[in-house]
Amino acid sequence: MATEVLMPKLGLTMTEGTIEEWKKKEGDAVKKGDILFSVATDKLTNDIEADTDGVLLKVLFGAGETAACKAVVAYIGQAGEAVPGAAPAAAPTAAPAAAATPAAVPAVSGAKSVLVVGGGPGGYVAAIRAAQLGAKVTVIEKQHLGGTCLNVGCIPTKCLLHSAELIEDIKKGADIGVKVTGVEVDFPQIIAHKNAVSKKLTSGIASLFKMNKVTKMDGEAAFTAPKTLEVTKPDGTKETMTADAIIVATGSINSIPPIPGIKENPNCIDSTGALSLEALPKSMVVIGGGVIGLELACAYAAFGTKITVVEALDHVLPMLDGDLTKIGMIHMKKMGMEFNLECPVQSVEASPVGAKVVCKNKAGEIVSFEAEKVLVAIGRKANTASLNLEAGGLNNDRGRILVNDKMETNVPGVYAIGDCVFGKAQLAHTASAMGEVAAENICGLSAVYDETTNPTCVYIEPEAASVGLTEEQAKAKGIAYKVGKFPMAANGKALILNGGEGLVKIIADEKYGEVLGMHIIGPRATDLIAEGALAIRLEATIEELISTIHSHPTVTETMREAALNVEKRAIHTKN
């Protein structure tokens, strides 16, 4: 008897799934464990394996079709075996579109047409939000959905850092009674894992587009006139397009400094190159002590690469509070990383090893550092060179588009969001927030972008996160403030997780106790920082943080203790 292949239930809330692609066709031989098809649910795409050997006799739901959970989507059996004649189970009836919109959202009068240029974390979120509000949306993307973040940025970097963290934990295993021998770094598999995660998330965006009836167009857009685009498609054909509104969401690209020898040396790579190396380098010089450079430096140091950082300034990670940076530097040096501050690069020369980075140190002496690879990580610039902003009439500062807090440009009906705009944080989550603001304003709502609650997260080891004012910023602004600190070493859960390395620091208004900034370095810092962001959004006071019960044993207790320390009331540390 033929075996039923069912649409799996992959989560508690899943009621249906869309067949993304069949990996086997009718008549193909199938072995247990072979991937039969991929199914799209919410933001993820999952590969579904065969439970038995046989032949794929019949496919009941084709690619792009939706089936209810536990519905029969295909049959596997022996060649020539009869297939039951039952009709395929129907997917649940879709709810009316209006039901998906919260009652508090005003009705949108008339469907708007919206063109979004770029399908990264700003563009795809803007597209979905506009579609939720009734707009007819087309996203123009010249490469991959998910943009830099999902393909060659945030997510791939975190994959490498997760592998690195696991290696570091294994090294410390003996201290907690877990002895491991024979651990080795399989670098090609680290890269393969990174690629698999990126593919899963980017294919999930395509599923979200289908779910929200967003159209994707492959091609590269450029302005030919205000509010008019010409799209060059992969086959070379061109199409002129316009809409009620256009959202520019082209993101940013790596910036290459005008240092002699960098472009000529193939061993000089940017962050994209560092995420796709075929072999693990024995040594690497990192030019730049910012987030991108140090995150990748931490990963490669854990893999066993000798890391040398050169930075023109007298400090690294300028966006973090100074107390956090000090702790991070101590740990990175323990990992074997070498830092050369106030050491600007003069040139890059050829070397038998790979490349030689020539610098001038603080004393004015010429020094050089050789390595197999040189990671150039001095920042990013707006990816607008091919947009022809002048033809579009868009005001910009060296390619960075000028916008107001509604994400409107100087051209009515044209909006810009994310890394390609001037004066905003270049982060995936800020791009997404700007995207929602733009979409809502286009569709008749009133929304403004407010960066005061934007957290900065740095995935060095240990990870760090910051929101609001640093102590240095509060001092520079002349604000009367008070400070509370709590060491991770005095927290039980932090001691268990990383030996108690880290700190929580809170900046509060002196008179009213309003939370002005929160800064964390230590285990789970990038997750914990949301409490600080919410406190700032709600204009919460130190007393309100104190009066909120924090569960035990958790790292969250450190934030309440830091608040207590502001008032010289901390229980588990010296006041």
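Numbering of residues begins at 1 and proceeds along the displayed sequence.
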Verdict with reasoning, L201 to I205, per side chain to side chain contact (heavy atoms under 4.5 Å, CB included): CA-CA 7 Å; L201 289 173; I205 296 173; over 6 Å; no

Pair L545-M518, side chain to side chain contact (heavy atoms under 4.5 Å, CB included): steps then yes or no: CA-CA 12 Å; L545 285 185; M518 185 178 288; 4.1 Å; yes

Side chain to side chain donor-acceptor pair (under 3.5 Å) between S271 and N254, intermediate numbers included: CA-CA 8 Å; S271 61; N254 285 301; 3.2 Å; yes

Steps toward side chain to side chain contact (heavy atoms under 4.5 Å, CB included) verdict (Y481, K475): CA-CA 8 Å; Y481 67 92; K475 192 176 296 182; 3.3 Å; yes

Side chain to side chain contact (heavy atoms under 4.5 Å, CB included) between T556 and R524, worked out: CA-CA 9 Å; T556 64; R524 315 277 167 79; over 6 Å; no

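T250 places no side-chain N or O within 3.5 Å of a backbone atom of G118 that could act as its donor or acceptor partner. Of the possible donor and acceptor atoms, one in the side chain of N151 sits under 3.5 Å from a partner among the backbone N and O of L145. Side chain of D405 to backbone of Y449: no donor-acceptor contact under 3.5 angstrom is found. For the pair R129 (side chain) and A439 (backbone), a donor-acceptor distance under 3.5 Å is absent. For N404 (side chain) and K406 (main-chain N/O), a donor-acceptor pair under 3.5 Å exists by modelled atom type. A donor-acceptor pair under 3.5 Å is formed between the side chain of S547 and the backbone N or O of E544. A donor-acceptor distance shorter than 3.5 angstrom exists from the side chain of E463 to the backbone of T526, with no hydrogens or angles considered. Using modelled atom types, one side-chain atom of E561 and one backbone atom of I571 make a donor-acceptor pair closer than 3.5 Å. Of the possible donor and acceptor atoms, one in the side chain of H550 sits under 3.5 Å from a partner among the backbone N and O of T548.
Taking all atoms of both residues into account, the shortest heavy-atom contact from A425 to M434 is O-CE, 4.1 Å. V467 and A533 make their closest contact through CG1-N, 3.7 Å (heavy atoms, listed as atom of the first residue, atom of the second, distance). The minimum heavy-atom distance linking N498 with G522 is given by the pair ND2-CA, 4.5 Å. Residues V286 and A297 approach most closely at CG2-CB, 4.1 Å, considering heavy atoms. In this structure, K171 and A302 approach most closely via the heavy-atom pair NZ-O, 3.9 Å. Taking both residues in full, the closest heavy atoms of A570 and N575 are given as N-OD1, 2.9 Å, listed atom of the first, atom of the second, then distance.
A side chain to side chain donor-acceptor pair (under 3.5 Å) with K505 is found for exactly one of N565, D323, T470, namely D323.
Put simply, CD1 on I155 and NZ on K200 are 13.0 Å apart, with the number rounded to the nearest 0.5 Å. The distance from the NE2 atom of H331 to the CD1 atom of I521 is 9.0 Å, given to the nearest 0.5 Å. The distance from the OG1 atom of T325 to the CD1 atom of I460 is 7.5 Å, given to the nearest 0.5 Å. For the atom pair OG1 (T558) and CG (L564), the distance works out to 11.5 Å, reported to the nearest 0.5 Å. For the atom pair I507 CD1 and H519 NE2, the distance stands at 5.0 Å (nearest 0.5 Å). Atom NE2 of H162 sits about 16.0 Å away from atom NZ of K194, to the nearest 0.5 Å.
Note on ring orientation: taking the six-membered ring where Trp is involved, the planes of F187 and Y300 are tilted (angle from 30° to 60°).
Within 6.0 Å of NZ in K172 there are more than 12 heavy atoms belonging to other residues, nucleotides or ligands. The local environment of NZ in K210 is crowded, with over 12 non-hydrogen atoms from other residues, nucleotides or ligands closer than 6.0 Å. Atom CD of E539 has 12 or fewer heavy atoms from other residues, nucleotides or ligands within 6.0 Å. More than 12 heavy-atom neighbours from other residues, nucleotides or ligands sit within 6.0 angstrom of NZ on K216.
A 4.5 Å side-chain heavy-atom check between N396 and T384 finds every atom pair outside the cut-off. Contact check for T308 versus F339: no side-chain heavy atoms found under the 4.5 Å cut-off. Side chains of L389 and V248 form no contact here, defined as non-hydrogen atoms less than 4.5 Å apart. Side-chain atoms of M329 and V316, non-hydrogen and from C-beta on, do get closer than 4.5 Å to each other. Using a 4.5 Å cut-off on side-chain heavy atoms (C-beta onward), N491 and V555 make contact. P523 is not listed as a side-chain neighbour of K493, based on a closest heavy-atom distance of 4.5 Å or more. Counting only heavy atoms from C-beta outward, the side chains of F486 and H572 approach each other to under 4.5 Å. Using a 4.5 Å heavy-atom threshold, the side chains of I529 and T456 count as separate.
Electrostatic pairing of R400 and D397 counts as a salt bridge here, judged by a charged N lying under 4.0 Å from a carboxylate O. At a threshold of 4.0 Å, the pair E557-R560 does not count as salt-bridged, since none of the basic side-chain nitrogens sits closer than that to a carboxylate oxygen. Classification of D314 and K362 as a salt-bridged pair fails, no side-chain N sitting under 4.0 Å from a carboxylate O.
Among residues two or more places apart in sequence or in another chain, the side-chain hydrogen bond (donor to acceptor under 3.5 Å, both in side chains) test is passed with H193 by none.
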